[in-house]
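Okay, so here's the structure we're looking at.
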Amino acid sequence: MHQFIVPYFYFALILWLPFKTSRTALLFFGFLVGMILDVFYKTPGLHTAASVLIAYMRPYIIILLLPKEVTEWGDEEPNRFSMGSLPYSTYILFLTILHNGYLILLEWIQFGSFLYFLGKLIGTSLISLLLMLIAELFVHRKTRTR
Amino acid sequence: MRNVFLFLKRYSVLIFFLLLQGISLYMLFTYNKFHNTIYTIFSSEVSGKVFDRVNNVEEYFSLKKENQSLRLQNAALLSRLSSGLIVADSTFSFVVDTLKNDSISVVRQFQYMPAKVISNSVFLQQNYIMLHRGSDQGVLNYMAVVGPDGVIGTVVGTSKNMSIVMSLLHRQSKLIAVMKQGSGLGEVSWDGKDPAILSLNKIPKTVNVKKGDTVITSPYSDRFPPGMAIGYVEEVDQDQETNTYILKVRTSTDFYSIQHAYVVKNILEEEMQELKQKLIKE
């Protein structure tokens, strides 16, 4: 069972960057975070690829979920106050599954089976979402309500 | 040309994304082929340094445990130094017996107290062994005495720091015994001839006894722990008048060279006696 559950949480750093962060900066930050993780996991490129992907996808998701122009928010970060609970949960859920799905897909290409892919995707996504929820409840982040 | 620059400007983010994605995928799929790439060297250098620092900090958390184990080791070594001193053995060691009260709790029946043998004889008709452990150290009359190889005898007298043990090599010594392979209660005694040979009587002929079979203490004894070796069958004789064997048993304990013994205390003996008394009164 333990092989299916890997608690990934680091990509929350990318999800929580302010709205006004430029796309290039997002990509660079994603690359850096993934790279640091890969150095310690001894899996060069694996986490980097996944975190670069969600850093690239992030602005599109925000535009889809929110009608306003992104630049209007300035310093604000995505959270349940600035975005509203439902859009924020959708944002987190989609990017978590995207990140884990891509990461595990890359693992599946190297080894493993479809069952491994599916089991690990579900287990890892659930534990990631749980960690996100806990962090959301306990980590105080600078917020300005709309 | 202008269109190319416009294209690049328009899709710069996508191109940057594809570039980074390409780098990471390249690293991912070529890693196994180039184990000694600069990346590997760099990454293990960096992560190794960090892991080393983490370990340095983590060591502080186990200092208490380390100290404790070192202290224990010191104590063990120091206590070895004092082995030259002559003191009466007064330590206890507990052994969990399989005797059970109910399915959950295990009751400890026998307590083993180590004792040093300070005098011994085998050539008399009434042989006694003296132990350097007496009433002050918990030895009482009628306690069983066993050695590492098997039964030695029974305590018959105690002083403050000494106790006298009637060894199996005593004309009045009598001990209930069973064959290891199964049924048949017998009685071990000594005929006073050979210090290595005991007699075992009253084993019924229904029991199949062969030379070399093990004779052990019975599970019905108040004093001796069950299953303790007494000896091995040396000679099998049929008693013509009764339905029992007359067996010669070679002692499992070498009575010539006993150095250490354990005095066995039956913790449940009081309870057993109480129960018997109650039964007699009623």
Side-chain angles (χ1 to χ4, degrees), chain A residues 8 10-11 13-14 17 19-63 70-71 95 98-112 117, chain B residues 1-69 104:
Chain A
Y8 286 128
Y10 74 97
F11 57 92
L13 294 175
I14 298 159
L17 284 174
F19 286 116
K20 68 168 187 183
T21 319
S22 77
R23 292 185 173 186
T24 321
L26 268 176
L27 284 175
F28 186 72
F29 188 74
F31 186 77
L32 195 72
V33 168
M35 199 69 178
I36 289 169
L37 207 75
D38 278 334
V39 165
F40 285 93
Y41 271 95
K42 296 259 188 297
T43 53
L46 184 64
H47 300 87
T48 316
S51 59
V52 165
L53 178 71
I54 60 162
Y56 179 70
M57 290 301 284
R58 198 189 97 132
Y60 296 106
I61 307 294
I62 290 177
I63 287 167
V70 176
T71 44
L95 285 180
L98 185 70
H99 170 271
N100 289 341
Y102 188 53
L103 190 96
I104 297 158
L105 180 75
L106 287 178
E107 277 189 339
W108 179 27
I109 289 168
Q110 297 173 85
F111 57 85
F117 171 73
Chain B
M1 200 60 193
R2 190 169 155 268
N3 282 341
V4 171
F5 282 122
L6 269 180
F7 175 83
L8 282 180
K9 201 189 173 197
R10 188 168 155 71
Y11 292 102
S12 63
V13 174
L14 182 65
I15 290 163
F16 189 44
F17 164 68
L18 290 177
L19 179 74
L20 293 180
Q21 204 47 225
I23 292 170
S24 39
L25 290 183
Y26 176 76
M27 285 198 300
L28 181 62
F29 291 112
T30 54
Y31 174 65
N32 294 331
K33 293 173 194 163
F34 305 102
H35 272 289
N36 291 323
T37 54
I38 293 166
Y39 176 82
T40 318
I41 295 162
F42 166 76
S43 73
S44 46
E45 268 297 306
V46 170
S47 58
K49 263 183 192 158
V50 173
F51 285 139
D52 187 42
R53 292 214 167 177
V54 170
N55 191 34
N56 264 347
V57 173
E58 275 176 350
E59 272 177 352
Y60 282 97
F61 294 108
S62 60
L63 270 185
K64 202 172 172 185
K65 219 167 147 191
E66 288 288 317
N67 270 343
Q68 181 66 23
S69 73
I104 298 166

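Labels below follow one simple rule: chain letters A, B, ... track the order of the sequence lines, proteins then strands, and each chain is numbered from 1. Not measured: the values here are computed from a predicted model. Hydrogens, waters and symmetry mates play no part in the numbers below; they use all other heavy atoms, side chains included.
- Within 6.0 Å of CZ on A:F29 lie more than 12 heavy atoms contributed by other residues, nucleotides or ligands.
- At a 4.5 Å heavy-atom cutoff, the contact between A:L53 and chain B is made by backbone and side-chain atoms alike.
- Residues from residues 7-16 of chain B that place a non-hydrogen atom less than 4.5 Å from a non-hydrogen atom of chain A comprise B:V13, B:L14, B:F16, given in numerical order.
- Distance check, rounded to the nearest 0.5 Å: CG of B:L25 to CG of A:L106 gives 6.0 Å.
- Looking at B:L20 and A:Y56, their side chains never come closer than 4.5 Å, going by heavy atoms from C-beta outward.
- Between chain B and the residues A:T48, A:L26, A:V52, the most heavy-atom pairs under 4.5 angstrom are made by A:V52.
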